[in-house]
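This report concerns only the one structure given below.
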2 protein chains.
Amino acid sequence: MLQDNMIFPQHDCSGCPIRHRAVCARCDAHELELLEEIKYYRSFEAGQTVVWSGDRMDFVASVVSGIATLTQTMEDGRTQMVGLLLPSDFVGRPGRDGAAYDVVATSDVVMCCFRKKPFEQLMETTPHIAQRLLQMTLDELDAAREWMLVLGRKTAREKIASLLAIIARRDATLNLITPKGKLVFDLPLTREAMADYLGLTLETVSRQISALKRDGVIVLEGKRHVIVPDFTRLLEEAGDDNDGGLLV
Amino acid sequence: MLQDNMIFPQHDCSGCPIRHRAVCARCDAHELELLEEIKYYRSFEAGQTVVWSGDRMDFVASVVSGIATLTQTMEDGRTQMVGLLLPSDFVGRPGRDGAAYDVVATSDVVMCCFRKKPFEQLMETTPHIAQRLLQMTLDELDAAREWMLVLGRKTAREKIASLLAIIARRDATLNLITPKGKLVFDLPLTREAMADYLGLTLETVSRQISALKRDGVIVLEGKRHVIVPDFTRLLEEAGDDNDGGLLV
DNA sequence: CGTTACTTTGAGCCTGATCAAGACACGTGG
DNA sequence: CCACGTGTCTTGATCAGGCTCAAAGTAACG
């Protein structure tokens with residue numbers, strides 16, 4: 001379970017790929033030392049469940065690499081994704097014992113975990129951590145509200161276009177590109193995961209992707225590799241007139 | 001616009017009805033004094049818009065009394081409510097200049113406003129404020145995720161039952177009652193506002209309320225006064241098996 | 001090759017949207 | 001007091017977008 005050394009030889013935070021975006025982003029050298037004392041890495045294979053909703057969770061964590069999802073499931077099996085966790089995103093809630101959602105690794109995932117109790121103590125004494133966490137939580141809340149508009153009011157076609165736009169934008173900004181004109185990226189989600197994200201069935205997802213392809217809004221190479229010839233066109237299809245602040 | 005003295009004679013926080021739940025909940029006497037220096041009251045009539053999305057917002061605020069909504073609107077007029085603001089809820093985002101959503105007073109509303117700049121400075125120096133705001137934001141994020149399940153996966157009937165359950169539960173806890181058995185409350189929203197909350201049309205809302213009435217899940221006196229004979233039954237209709245943590 | 005997971009496509013149905021009309025409550029002015 | 005207007009809500013008839021059920025195509029892998 002703890003294969004940190006295999007994947008991230010450094011226990012040292014200074015070389016960490018998410019150093020400047022994660023919950024530790026604002027920490028100074030001394031604060032990082034305190035964090036290092038309570039941290040450990042865990043890795044998960046694609047498809048593996050990190051925690052089950054309701055389970056006791058004795059750690060909080062940052063996603064270092066890979067993609068995980070937060071999902072809710074009703075008794076009859078209907079599921080809704082409520083969070084998409086990308087590198088640097090934070091998992092778990094300080095001050096709560098149990099997990100509120102299922103956390104599932106969609107790809108192979110590495111997490112930087114902090115033992116919860118000492119992390120909570122650090123939050124009291126180290127304002128930089130709490131400040132950054134507040135900022136990240138506010139961003140997530142904005143993303144959740146954007147997502148609510150998608151779920152509540154958009155058509156299936158607009159939902160797909162919105163999701164593609166979100167992924168395309170994130171991918172572009174990660175590569176330090178301003179999202180416009182032609183973009184290329186890989187879908188990190190199966191059709192079923194996309195359906196759970198958007199409140200659709202996987203058949204509808206498949207059909208709408210085919211429709212967008214047929215209409216030239218996107219070009220597919222294989223099932224997962226997407227080329228967007230004109231990002232503005234995609235935004236129009238998403239119903240976003242402005243290049244609005246959809247963030248993940 | 002500033003009719004504070006009419007409605008809340010005390011500029012003094014100690015007698016404030018939301019003293020123990022708002023963003024200032026953890027503040028001590030001294031911290032409250034600092035807040036009092038930068039605060040002022042504003043009141044709004046039912047139907048009035050507090051701020052428009054995109055507008056500059058030079059304050060943050062707590063709802064003292066009344067109900068307001070956060071809504072997003074697409075160019076073609078489709079609207080989705082993304083937040084329901086009740087007494088003690090917080091409005092605005094520290095560190096952002098413009099409003100991200102329309103804020104509309106659904107009933108007559110009184111807000112306790114803080115000038116943004118000095119409030120942001122206080123957040124740096126007064127950890128109790130930032131701590132409380134983090135807690136509140138995490139709660140809102142949980143509520144938003146619960147809401148996403150409602151929007152994405154529930155049927156119209158379940159959506160209505162879910163909303164009624166949320167309002168009933170909040171109303172009950174406000175009156176220090178454990179929500180179970182028979183509950184009585186008033187709907188603070190029009191059918192249209194409920195539709196915007198749930199991603200439905202107002203006709204569907206009306207029909208489903210009639211259906212729940214016909215099936216004895218609720219009893220109506222007038223359009224807005226609701227009697228729930230059996231709260232457990234309502235939760236079943238909502239698709240929530242457990243008495244899960246739906247919060248507003 | 002055969003298995004398995006993922007995806008696409010088709011046919012028919014159903015839930016909720018749309019369009020339309022009327023009911024009800026309330027206030028205003030003649 | 002009534003006529004009228006307005007905002008809110010209810011109900012009906014019809015339509016269509018997305019779901020369900022079903023089958024077949026594709027690719028990776030042992």
Side-chain angles (χ1 to χ4, degrees), chain A residues 45-48 74 76-80 104-108 150-164 186-215 218-226 237 239, chain B residues 45-48 74 76-80 104 106-107 150-164 186-215 218-226 237 239:
Chain A
E45 290 175 19
Q48 215 180 334
M74 295 171 66
D76 61 7
R78 283 175 281 176
T79 69
Q80 174 65 50
V104 179
T106 284
S107 64
D108 289 351
V150 172
L151 287 172
R153 292 303 187 193
K154 293 197 177 178
T155 64
R157 170 181 264 242
E158 289 170 334
K159 285 180 175 182
I160 297 291
S162 297
L163 177 55
L164 293 176
D186 282 306
L187 280 175
L189 300 174
T190 64
R191 300 290 185 260
E192 187 177 19
M194 294 174 72
D196 284 343
Y197 188 111
L198 297 169
L200 297 171
T201 58
L202 67 89
E203 294 95 329
T204 299
V205 170
S206 182
R207 272 187 254 272
Q208 294 300 333
I209 289 181
S210 297
L212 289 175
K213 185 172 61 176
R214 192 166 53 246
D215 299 345
I218 58 174
V219 178
L220 280 186
E221 282 175 1
K223 313 288 187 188
R224 300 290 195 90
H225 192 73
V226 181
E237 293 288 353
Chain B
E45 289 175 19
Q48 216 180 333
M74 297 171 66
D76 60 7
R78 283 176 280 177
T79 69
Q80 174 65 49
V104 179
T106 284
S107 65
V150 172
L151 287 171
R153 291 304 185 192
K154 292 197 178 179
T155 64
R157 169 180 263 243
E158 289 170 334
K159 285 180 176 183
I160 297 292
S162 297
L163 177 55
L164 293 176
D186 282 306
L187 280 175
L189 300 174
T190 64
R191 301 290 186 262
E192 187 178 19
M194 295 174 69
D196 285 343
Y197 188 110
L198 298 169
L200 298 170
T201 59
L202 66 89
E203 294 96 328
T204 299
V205 170
S206 182
R207 272 187 255 271
Q208 294 299 335
I209 288 180
S210 297
L212 289 175
K213 185 172 62 175
R214 193 166 52 244
D215 298 344
I218 58 173
V219 178
L220 280 187
E221 283 175 1
K223 313 289 188 187
R224 299 289 195 92
H225 192 73
V226 181
E237 293 288 352

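Just so it is clear: chains get the letters A, B, ... in the order the sequence lines come, proteins before strands, and each one is counted from 1.
- Distance NE2 (A:His225) to P (D:dA27): 16 Å, rounded to an integer number of Å.
- For residues 188-215 of chain B, the pairs satisfying salt bridge (charged side-chain N to carboxylate O under 4.0 Å, His left out) are A:Arg153-B:Asp196, B:Arg157-B:Asp215, with sequence neighbours left out.
- Separating the CZ atom of A:Arg224 from the P atom of C:dT8 is a distance of 10 Å, rounded to the nearest angstrom.
- A:Gly47 comes within 4.0 angstrom of nothing in the nucleic acid, heavy atoms only.
- In this structure a side-chain-to-backbone donor-acceptor pair under 3.5 Å is present from B:Ser210 to B:Ser206.
- At a threshold of 4.5 Å between non-hydrogen side-chain atoms, the residues A:Val226 and A:Asp186 do not count as touching.
- OP1 or OP2 of D:dG18 has not a single side-chain nitrogen or oxygen of A:Thr201 nearer than 4.0 Å.
- The CD atom of A:Gln208 sits 16 Å away from the P atom of D:dA16 (whole-angstrom rounding).
- Note: CZ (A:Arg157) to P (D:dG17) measures 12 Å, nearest angstrom.
- Atom CG in B:Leu200 sits roughly 18 Å away from atom P in D:dG17 (whole-Å rounding).
- Summarising the geometry, the separation between CZ on A:Arg153 and P on C:dA17 is reported as 8 Å, rounded to the nearest angstrom.
- If you take CD of B:Glu192 and P of C:dA17, they are 14 Å apart, rounded to a whole angstrom.
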Which atom pairs link the protein and nucleotides 10-12 of chain D when you take only N or O atoms and keep those under 3.5 Å?
unit_1	atom_1	unit_2	atom_2	d
D:dT10	OP1	B:Arg191	NH2	3.2
D:dT10	OP2	B:Arg191	NE	2.7
D:dT10	OP2	B:Ser206	OG	2.8
D:dT10	O5'	B:Ser206	OG	3.2
D:dT11	OP2	B:Ser210	OG	2.8
D:dG12	N7	B:Arg207	NH1	2.8
D:dG12	O6	B:Arg207	NH2	3.1

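- Using a distance-only test at 3.5 Å, with no hydrogens or angles considered, a donor-acceptor pair links the side chain of A:Gln80 to the main chain of A:Tyr197.
- Judged by distance alone, with hydrogens and angles left aside, the side-chain atoms of A:Ser162 form a donor-acceptor pair with the main-chain N or O of A:Glu158 at under 3.5 Å.
- Look at CD on A:Glu158: it is 14 Å from C1' on D:dG18, rounded to the nearest Å.
- Annotation for B:Ala161 and B:Leu212: closest pair N-CD1, 4.3 Å, computed over non-hydrogen atoms.
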